[in-house]
Every structure is written in structure tokens, then in C-alpha cells.
**Student:** 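Starting off with a structure, shown below.
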4 protein chains.
Amino acid sequence: MPDPNPQRRNEEARKAILTAAMELSTDPGFQATSVEAIAKRAGVGKQTIYRWWQSKGAVVLDALNELALPTMSFPDTGDVIADLRTQLTGVATLLRQSEGRVFAGLVSAAQNDDSLSRTMIETILQPRVDACRERLERAQRQGQLRRDVDLEEVIELLYGPLYYRLLFRTQPVTTDQPAQIIDLAFTGLRPKRSRRGSP
Amino acid sequence: MPDPNPQRRNEEARKAILTAAMELSTDPGFQATSVEAIAKRAGVGKQTIYRWWQSKGAVVLDALNELALPTMSFPDTGDVIADLRTQLTGVATLLRQSEGRVFAGLVSAAQNDDSLSRTMIETILQPRVDACRERLERAQRQGQLRRDVDLEEVIELLYGPLYYRLLFRTQPVTTDQPAQIIDLAFTGLRPKRSRRGSP
Amino acid sequence: MPDPNPQRRNEEARKAILTAAMELSTDPGFQATSVEAIAKRAGVGKQTIYRWWQSKGAVVLDALNELALPTMSFPDTGDVIADLRTQLTGVATLLRQSEGRVFAGLVSAAQNDDSLSRTMIETILQPRVDACRERLERAQRQGQLRRDVDLEEVIELLYGPLYYRLLFRTQPVTTDQPAQIIDLAFTGLRPKRSRRGSP
Amino acid sequence: MPDPNPQRRNEEARKAILTAAMELSTDPGFQATSVEAIAKRAGVGKQTIYRWWQSKGAVVLDALNELALPTMSFPDTGDVIADLRTQLTGVATLLRQSEGRVFAGLVSAAQNDDSLSRTMIETILQPRVDACRERLERAQRQGQLRRDVDLEEVIELLYGPLYYRLLFRTQPVTTDQPAQIIDLAFTGLRPKRSRRGSP
DNA sequence: CTGTAAGCGAGACGGTACGTCGAGTCTTCAG
DNA sequence: CTGAAGACTCGACGTACCGTCTCGCTTACAG
């Protein structure tokens, strides 16, 4: 039962598998895709998939990371609001496309697969959350953001609405959603100034 | 093939199915539960399930609605912030419990089942969103909330972070998350007033 | 884990399975045949085979019994030698044909499958051995056969050489082998009468 | 792709493979043994087996020949019946032991592997049959055996019943079976002399 | 008050995919 | 430059559920 030797790994097979996984997760869709179908399309034995990945979800996660997700270094122009807008718009654009449904499938699979959930957080979410937090810390130091806030929660406030639409599908993710989220979040929901008779 | 006659429906079987569905979705978990298992535990033929529901998801959705979700009329004490806090805390409390995982399973299933997605929105989400929007409209009229905002987006801003944690599981939903969300959302992220040199 | 209910059994499926099993055991051959192939050719789910039989061997055994093996009531003309010749020639004729190879495959499978071995003995061998023994007993009573012999061993002596050729394939089973076996066995191997000077 | 050079062959590996094959064919049994398992137990790569043998059967055949089967030169005391008894009892003794099951496995494998079948005949059966035939020819010349018989058939008559029990497993091979076979075969099945009214 | 047609528990059916095993081939690396 | 190690493709294994389809058996309405 030793783990397989990664040095002996066939790089061609690996790529073929990731490509097939990505294509099938896009077209018949994540749930409609079987490990068997991935193997067949990749021209690979099923065992070669099970040798290197724990589950279909793990394969698609790797495929998404390698083939679809940009490295996404967080922009820093000095204006945190503009940078957030740039960044969130990028995410929204991605989620609108087929990658969005693939990612939704992944989140779906992670609901009852703790290992996949952890890996997804570590390889997709955490790096981006960290990059965002660093940017927000700089913004705090530059006086562009309240200092008395938990940045993790700020991030959830900004991204939550995006994933809300992706996953509940009450309405599609749009590219102007980010601007509106940012406006709401920075300005706050309190009424502007009370029209008559505020202190 | 006419639809089955609802008057002839066996109420006992219906309840046994919903109960079994709820229990199994809680314990082995939604995805680990099969229609067959529900039928067996409910002491019911599989056909009786397929006669009245389209899928496992549809059964669990009904079960959740009937057995777990409160009617949740939105409170109105006159203080919108307090009311939101009450309401959101209720939701958070529910999501922390096993119902949270069941609901997550449902969201998961809805990712590739348009019909289930629609039903879930109609029976679970929409009524609560509507109640919330009405409350927020009242708040706007009473000057407790900015008028220049899309209420749908406000709702997404408030609830998004809750579901973010439920579905990504980066950290558990907590009962003080709502208070913090509301604080951030109402106060906004802008720095208080710049210490030196603002007009 | 209760056994399936035989009353609910689909007779059509059963026949299709036996026929497919027989055909495939004949053409690609017993060992080259997979349960999967039988299922496919019979237009049947694999589970339907596994529900009613323990193994491929068990299916083929039933197929052989139902489709290929005659009921073979042992003849009784009053002349035991003639009757044995008739009977053994019938067996040899069968073994020469494709049924012979199917049966050989079955014997092969039974080498490491005790349950199959037992069933094969009970359903194929034993009934024929019993019929033969009864005929031989009658022959003994009629003075056509030595009385001081174990009939089981006589049967092995008569049939052993047939199966020797079937299974070792040193030479093919032929239709005149039986006559020769019977001659040898009845006359015995001792020299006729010693030509010169026996005591 | 020339045949591998036998001079370069690693004698240690060869022995380890044969030993492993023999042990595994004895304990988990022939059919339950895989080439992979033999390689692992012998501490040898699978390729090293496939380089020198065509199949598992071929390996076990060699193992049996080299490790289990005596050279068995046919005895000749001048009394053919005694010699046959000696020889057949030796065979029966062997077949009763684990070698018997290994051999049965081999016969089983040979049913659908013509090449193995031929090799088995050539290396195991034929030499012993030849030795036996020579002994029987001498017996014929010495007037201890009918002259008007096909010796091949005599051999089948004598050995057939032994293999009948080995392969059908209706009852175990025993060490007194040979004596009884020989008695039947030499004396013949005809009744002694009819009690009343023979000259 | 009695057919008869529905819903019901049960579970066999044709399928699809699962995750595993082993076959036989091919590649890498150490001695 | 052989041989151990083992990754590869492939095919089949036996199992789990899917959703459909009979089966008899209540059960309740219609004649």
C-alpha cells in the first residue's frame, strides 16, 4: 500500500486526464460526468485516475486550478476601491462562464466530502483570501478602510453576494454586481444624512 | 398516465417518508442517502416515493420545509437593525445545526437539477426574501435605510456571508456573525473620519 | 439478505440467460466468457444473473442441464453389455461435440469452487451414476456381472477412460472408444489361456 | 525481439519463482494465485516471469515437474500386476496430497490453453505413459497380459478411474483404489463361472 | 353491498457507474 | 544491459442505486 511514486508518473496521461475532466465538467456538467467517462475520453485506464486522485472532485479541482484559474495576484494601484472592483469583476466574469458551473459542481461535491472541501479551501480559496487580506491591510494602513473590522468578515461581505447568486441561482452573476456590492459595503446602508432635524 | 389522485394519498406514508428523509439526510448525510434507503426506513415501496416526488432532492426539500423550517414571519419592532439581527441570528442558529448540513446538501443537489433549484427558490428562499424586502421597504420609508439601494442586493449583502461559511466551510457559521455582518453593512467600510486634514 | 422470491422470477430473462450462456460457452469458450458478456447477449442486467446464480459456472451448469443434456434413462434390453455400449456411446457422442468442451470448462471451474463442484455432482453426475448402478445391480442379479465388485468402482472403470481423453486431450474421444472400454473391462486383461503348460 | 538469452538467465530468480508458484498453488490454490502474487513472493519483477514463461500455468507446470514429481521409472520385478500396483499406488499417494490439487488446477487451466495442454502432455503425461506402455509390452511378451489389446487404452482404463476421482471429486482418491482397479481390470467384469449348468 | 380501480408494500427488472483486481506491456533506475 | 520495481491500458469483477415495471393486497368510491 505505498503511495505511488510521483517520479514515475506519466505526464501525458496526467494532462489528458485534467483536460478531459475540464471538458466533461463543462459539457455534460460536473455531476453528469463519471470517472469512467473521464478515463475513456482521456484514453486512460480508470486505475490511473484512482492512483493519483481520491475522487472525481479531486480531479476536477486540479483541472480547474491548472487549466482555468488565473494566478490572480491582487492588483494594487493605491486605490483600494478601484482594486477591489477590478478583482471582483474578474471573479464575476469567470463565474459567469462555464468555469462558474464547474466550480459550483465542485462546491456541491465538497458538501459531503471533507477531504475535498479542505483541499478546495487550501488550493482555491485560501490563496485568494490571503492576497485579498493583505491588500486590505495595506488599505487600512493607508487610511482607506476602517481599522476596527475583522478583514476575514469584510472579505465574506464582499464575496458572499457573488457566491450567493452562483449557488442559489436566484439571478445570474453579472459584471456590474461587484460595483454595486462595493458601493453598498463601503458606503453602508445607513441613510445619507437625515433630511430634517438631525443633531 | 394521469397524475396520481391526491385525495387518495396515504397521509401516513407521506409523513413516514418525510421523517425518514430528514433523519437520513441528517445522519448518513444527504448525498449518502439513497431513495431506496428512504423507502426502506419509511417502510414504503420505492414507487410510492417516485409517485409523489421527482427526486430525492424534492423529498428532502419538502421534509425540510415541513419538519425543520419555522414559518419565520419577519419581526417588526420599529428598529430595522434590531429586527435584522433577530432574524439573521435565527437563520444562523438553524444553519449551525444539522438542518444546516441538510440544506447544504439540497443546495448541492440543486446545482445540477434546475427543477429542484427552482422549487427550492420558490418554497424556501423567495418567501423569506420577500418578507425581508418588505421589512426593508418599511425601513426605507421610515428613514432607517438608504433609499438609493436595490433591496435585492442588500439582502444578498446580508445573507451572502452566512451562506459563504455554510457552503465553503472555511469556518463555522456562528451566532455572532449576524451582528458583525449588520454592523459592517450598515456602518460601511470607509474609515470613520480621517484623523487629520479632512474638510 | 433474504433470498429473492422465485415466484416473481422472470421466466423470459431466465431462458435468455441460459441460452446466452450456452452459446457463449460454446463459441468463445467457457473461460473466455464473462458474466458481463452473458448479460449483454441475454439483454439482461448483470444483477439479474447474480441474483439467481452464484457464479458463471452455476449458470452454465444450469444451461447445460436444461439445454444440452438428455434425460438419459438408462436402457435395459436385458443385455447389460449392449446397454452399456448404447449408453456410453451416447455419452461419447455428446462429449465429442461442443457440449464436451463446455462440460470440460465446467469441470475446470469446479476445481476451485467447492459449491459448483457439489452442484455439478448432484445435478449431472449423481443421477446418471445412480441410473447406471441400478442397471448394473440388475445385471448382477441376472448373472451378467460379477457379484463381488463395488459398482461405484465399476462405473469409474467404465467412464474414467472417457473423461481421461476429454480432459487430458491426449487424443479425442471417439465413438468406438466405448466398445473397446467395455471389451477390456468385461473380458479383463489376463491372457486368454496360457498357450503351453499352464498348471 | 529475439528470445531472451538463456545463458544470461538468473538461476536464483528462476528457483525463487518456481518455489513461490508451488507454494501459492498449494495454499491459496492454483486459480486463486495471480502472476503478480508469484512475482511478489519470489521478490521478482512480473516481467521476469513473462520473459521466461507464457502463462501462470506454464510456471506451475515447471514447478510441479521440478519440485514435486518423482522421476518415476517404472518398476519391473517380473510381476506386472505387482508393478502396476506399486506404480499406481505411488500416483494415488501423490494425488491425495496437495500436489493433487495443484495438478488438478493445471488440468483445469489446460482446458482452454492449447499450448499448456500440449506441454503438460509432453512433460508430465507422455513420459509416464511411455514408461508404462513399455512395461506392459514386456508383460505381453511374457504372457502376463492379453496380446489383443491396445496398450494406450489399457493405460486409460487403469489411470482413468484415478483421475475421475481427482477431477470430479465424487470421492477422494485413496491408496487402495489402485488395487481394486487392477483387480477389476485384470479379472474382468464377467461373472466367475455360472454356478449351475456349466460343464 | 359490491365490483373495480386506485394507492400501497414489495421487490425483480434493465441499466450505469462504482472502486478494485489482475493481465500483459512498457519505462525507469540500480548494480 | 539485466532485472526489480512498478506505472500503464484494458477488461472484468461483484455491488449499489437508479427509475420502471409487475405483483397481490387493502381500501374507498360508484353503480
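Naming: A, B, ... by sequence-line order, numbering from 1 per chain.
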**Student:** So, are A:K56 and A:E36 salt-bridged, with charged N and O less than 4.0 Å apart?
**Tutor:** no
**Student:** To the nearest Å, give me how far apart CZ (A:R14) and P (F:dC8) are.
**Tutor:** 12 Å
**Student:** Considering every strand and a 4.0 Å limit on heavy-atom distances, what is the contact class for A:T48: base, sugar-phosphate, or nothing?
**Tutor:** base
**Student:** To the nearest Å, give me how far apart CD (A:Q7) and P (F:dA7) are.
**Tutor:** 11 Å
**Student:** C:Q47 near the nucleic acid: base, sugar-phosphate alone, or nothing, with a heavy-atom cut-off under 4.0 Å?
**Tutor:** base
**Student:** Between A:D114 and B:R169 (salt bridge meaning N to carboxylate O under 4.0 Å), is one present in this structure?
**Tutor:** yes
**Student:** Atom CG of A:N5 to atom P of F:dC8: distance rounded to whole Å?
**Tutor:** 10 Å
**Student:** From the options C:T119, C:D113, C:I121, select the one residue that forms a side-chain contact (heavy atoms from CB on, under 4.5 Å) with C:S117.
**Tutor:** C:I121
**Student:** Is A:R9 positioned over the aromatic face of A:W52, cation under 6.0 angstrom from the ring centre and no more than 45 degrees off axis?
**Tutor:** yes
**Student:** When you check the gap from the basic side-chain N to the acidic O, do A:E11 and A:K15 get nearer than 4.0 Å?
**Tutor:** yes
**Student:** Can you check the C:I38 CD1 to F:dC13 P distance for me, whole Å?
**Tutor:** 8 Å
**Student:** Over how many whole Å does the gap from A:W53 atom CH2 to E:dC18 atom P extend?
**Tutor:** 15 Å
**Student:** Need to verify one output field. Residue with the more 5' nearest nucleotide on DNA chain F, B:Y50 or A:A13?
**Tutor:** A:A13
**Student:** Test for a donor-acceptor pair under 3.5 Å between the base of E:dG15 and the side chain of C:K46, counting only N and O atoms.
**Tutor:** no
**Student:** Measuring from the side chain of C:E36 (C-beta onward, heavy atoms only), which nucleotide among F:dA4, F:dG14, F:dA7 has the closest atom?
**Tutor:** F:dG14
**Student:** Measure the distance from CZ on C:R9 to C1' on F:dC21 and round it to the nearest whole Å.
**Tutor:** 18 Å
**Student:** Does a nitrogen or oxygen in the side chain of A:R51 sit under 4.0 Å from OP1 or OP2 of F:dC8?
**Tutor:** yes
**Student:** Is A:W52 touching bases, backbone alone, or none of the nucleic acid, heavy atoms closer than 4.0 Å?
**Tutor:** sugar-phosphate
**Student:** Which residue, C:G45 or D:V35, contacts DNA chain E at a nucleotide closer to its 5' end, judged by nearest heavy atom?
**Tutor:** C:G45
**Student:** Return the value, rounded to whole Å, for the distance between atom NZ of D:K40 and atom C1' of E:dG22.
**Tutor:** 12 Å
**Student:** For D:A32 and for B:R8, find the nucleotide of DNA chain E with the closest heavy atom, then tell me which residue's nucleotide is more 5'.
**Tutor:** B:R8
**Student:** Could you state the CD1-C1' distance from B:I49 to F:dC17, rounded to the nearest angstrom?
**Tutor:** 13 Å
